[in-house]
**Q** 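Take a look at the following structure, please.
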Amino acid sequence: QVQLLESGGGSVQAGGSLNLSCAISGYSDGSYCMGWFRQVSGKKREGVAVIGSESGPTYADSVNGRFTISQDIAKNTLWLQIHNLKPEDTAMYYCAVDLTRDSLDYYGDCEIQYEYQYWGQGTQVTVSS
């Protein structure tokens, strides 16, 4: 089965940077969507950034250019670079993978608002002011 393990979270000052990583295992080569999501206690999970095996990245409007998603295919790793962190970025960050076509929109891009198939345990990001 597909397994994902996030790392790289921590406590940082506002304006700082973090580089989150997600190690992915248990899947064979093929089409997929991968992404980062975050959730604050008591609130709905929010899509942050997604990317596909055959499509470029899609970002949530709320990140305003501060986040960059990338993938290292050779190392089976998904990355999220975050710059200029703000207190409102504080959340549990999850990586996820979907191997079905249900995560694709009409144009073949990965949807950012979709319940992905496989999830990691999350890594906490806490930003203080």
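Numbers for residues simply follow the sequence, beginning at 1.
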**Q** How about V48 and V63: do any of their side-chain heavy atoms sit closer than 4.5 Å?
**A**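 Contact flag for V48/V63 side chains = yes.
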
**Q** Measure from the side-chain N and O atoms of Q13 to the backbone N and O of V127, and report whether any donor-acceptor pair falls under 3.5 Å.
**A**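 Looks like no, no N/O pair under 3.5 Å.
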
**Q** Share the residues that join V40 in a hydrophobic cluster, the rule being Ile, Leu, Val, Met, Phe, Trp or Tyr side chains under 4.5 Å apart at the heavy-atom level.
**A**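 Traced through the cluster, V40 reaches no other member.
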
**Q** Could you state the interatomic distance from CZ (R66) to OG (S17), rounded to the nearest 0.5 Å?
**A**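 Reported to 0.5 Å precision, the distance equals 10.0 Å.
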
**Q** Rounded to the nearest 0.5 Å, how far does CG of L85 lie from OG of S128?
**A**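 Interatomic distance, S128 OG to L85 CG, rounded to 0.5 Å: 10.0 Å.
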
**Q** Once rounded to the nearest 0.5 Å, what's the spacing between atom OG of S25 and atom CD of Q3?
**A**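 Interatomic distance, S25 OG to Q3 CD, rounded to 0.5 Å: 4.5 Å.
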
**Q** Is any side-chain heavy atom of V125 closer than 4.5 Å to one of L18?
**A**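 Touching, per the 4.5 Å side-chain cut-off.
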
**Q** Who passes side-chain hydrogen bond (donor to acceptor under 3.5 Å, both in side chains) against T77, sequence neighbours left out?
**A**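 Once residues adjacent in sequence are excluded, T77 has no partner under the side-chain hydrogen bond (donor to acceptor under 3.5 Å, both in side chains) criterion.
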
**Q** Can you tell me which residue pairs pass the salt bridge (charged side-chain N to carboxylate O under 4.0 Å, His left out) test with a partner in residues 68-77, sequence neighbours excluded?
**A**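 Counting only pairs at least two positions apart or across chains, no salt bridge (charged side-chain N to carboxylate O under 4.0 Å, His left out) contact touches residues 68-77.
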
**Q** Restricting to pairs with a member in residues 120-129, which pass salt bridge (charged side-chain N to carboxylate O under 4.0 Å, His left out), not counting sequence neighbours?
**A**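 Non-adjacent pairs meeting salt bridge (charged side-chain N to carboxylate O under 4.0 Å, His left out): zero.
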
**Q** Apply side-chain hydrogen bond (donor to acceptor under 3.5 Å, both in side chains) to T90 and list each qualifying residue two or more places apart in sequence or on a separate chain.
**A**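 For T90 there are no side-chain hydrogen bond (donor to acceptor under 3.5 Å, both in side chains) partners, ignoring immediate neighbours.
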
**Q** So which atom in S103 and which in D98 form the shortest heavy-atom distance, rounded to 0.1 Å?
**A**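 Nearest heavy atoms, S103 then D98: OG-OD1, 3.2 Å.
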
**Q** Within a strict 4.5 Å, meaning less than it, do heavy atoms of the L20 and W79 side chains meet?
**A**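 Answer no - side chains too far apart.
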
**Q** Please collect all salt bridge (charged side-chain N to carboxylate O under 4.0 Å, His left out) contacts where either partner lies in residues 116-129, sequence neighbours excluded, each pair once.
**A**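 Sorted pair list comes back empty.
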
**Q** Please report the interatomic distance CE(M34) to CG(L4), rounded to the nearest 0.5 Å.
**A**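 One finds 7.5 Å between CE of M34 and CG of L4.
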
**Q** Which is it for I69 and L78 under the side chain to side chain contact (heavy atoms under 4.5 Å, CB included) test, yes or no, and what are the steps along the way?
**A** CA-CA 7 Å; I69 188 172; L78 181 71; 3.9 Å; yes

**Q** So which residues get pulled into Y114's cluster when ILVMFWY side chains under 4.5 Å apart are joined, directly or through others?
**A**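 Under the 4.5 Å side-chain rule, Y114 groups with F37, V50, M92, Y94, I112, Y116, W119.
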
**Q** Taking only residues two or more places apart in sequence, or in another chain, which ones meet Q1 in a side-chain hydrogen bond (donor to acceptor under 3.5 Å, both in side chains)?
**A**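 Expected list: none.
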
**Q** Quick check: do I24 and V97 have side-chain heavy atoms less than 4.5 Å from each other?
**A**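 They are in side-chain contact.
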
**Q** Look at the side-chain heavy atoms of Ile, Leu, Val, Met, Phe, Trp and Tyr, link any pair under 4.5 Å apart, and say whether L99 and I51 land in one connected group.
**A**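 Yes; I51 is reachable from L99 via cluster members.
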
**Q** Quick one: SG on C95 to CG on L80, what's the gap to the nearest 0.5 Å?
**A**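 The CG atom of L80 is 10.0 Å from SG of C95, to the nearest 0.5 Å.
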
**Q** For Y106, which fellow cluster members are found when Ile, Leu, Val, Met, Phe, Trp and Tyr are connected by side-chain heavy-atom distances below 4.5 angstrom, either directly or through intermediates?
**A**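 Members alongside Y106: Y107.
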
**Q** Once disulfide bond (SG atoms under 2.5 Å apart) is applied, what residue pairs with a partner in residues 28-72 remain, sequence neighbours excluded?
**A**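 Residue pairs passing disulfide bond (SG atoms under 2.5 Å apart), neighbours aside: C33-C110.
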
**Q** Restricting to non-hydrogen atoms, name the atom on L104 and the atom on E111 that form the minimum distance, rounded to 0.1 Å.
**A**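 Shortest heavy-atom separation between L104 and E111 comes out as O-OE2, 3.3 Å.
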
**Q** Please name all residues satisfying side-chain hydrogen bond (donor to acceptor under 3.5 Å, both in side chains) with S11, sequence neighbours left out, ordered by chain then number.
**A**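 In terms of side-chain hydrogen bond (donor to acceptor under 3.5 Å, both in side chains), with neighbours along the sequence ignored, S11 is linked to no residue.
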
**Q** Which pair of heavy atoms, one from Q124 and one from A91, lies closest together, and at what distance?
**A**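 So the minimum-distance heavy-atom pair works out to NE2-O, 3.3 Å.
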
**Q** Would you list the pairs meeting side-chain hydrogen bond (donor to acceptor under 3.5 Å, both in side chains) in which at least one residue belongs to residues 31-59, sequence neighbours left out?
**A**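 Passing the test, one end in residues 31-59: S31-E54, Y32-Q71, R38-E46, R38-D89, R38-Y93, E46-S62.
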
**Q** Counting only heavy atoms not in Q121 (residues, nucleotides, ligands), do more than 12 fall under 6.0 Å from its CD?
**A**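 No - once you tally the heavy atoms of other residues, nucleotides and ligands closer than 6.0 Å, there are 12 at most.
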
